[in-house]
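Input: a single structure, listed below in structure tokens.
Treat the numbers as computed from the prediction; the structure is a model and nothing was measured. Heavy-atom basis, side chains included; hydrogens, waters and symmetry copies ignored.
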Amino acid sequence: MTFGVHLLLALFAAEFMATRTWGETNIGMLAILAQGSLLLWTAVRYDRHADVEH
């Protein structure tokens with residue numbers, strides 16, 4: 001879901017994604033960092049749940 005939203009924003013809202021927040025950092029960079037963090041968090045939660053034997 002988040003990858004699809006990020007892809008749509010990159011395709012259709014390039015100016016928005018290129019908006020600088022501070023220094024050389026822009027919204028696109030922040031969005032991909034947030035997406036990566038969400039991916040890692042989900043993987044850790046899944047891994048912890050998979051270790052539990054039922």
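From Leu40, atom CG reaches atom CZ of Arg45 across 14.0 Å, with rounding to the nearest 0.5 Å. Of the inter-residue distances, the one linking Ile32 atom CD1 with Leu39 atom CG reads 10.0 Å to the nearest 0.5 angstrom. Note that the CG atom of Leu30 and the OG1 atom of Thr21 stand 4.5 Å from one another [nearest 0.5 Å]. For the atom pair CD1 of Ile27 and OG1 of Thr19, the computed distance is 4.5 Å after rounding to the nearest 0.5 Å.
Among all heavy-atom pairs drawn from Gly28 and His6, the shortest one is O-CE1, 3.7 Å. Residues Phe16 and Leu9 approach most closely at CD2-CD2, 4.4 Å, considering heavy atoms. The two residues Ala31 and Met17 make their nearest non-hydrogen contact at CB-CE, 4.4 Å.
Between the side chain of Ser37 and the backbone N or O of Leu33 there is at least one donor-acceptor pair closer than 3.5 Å.
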>> With side-chain contact (heavy atoms from CB on, under 4.5 Å) as the criterion, how do Leu38 and Trp41 come out once you've worked through the C-alpha distance, each side chain's angles and the decisive distance to 0.1 Å?
In response: CA-CA 5 Å; Leu38 181 61; Trp41 178 69; 3.8 Å; yes
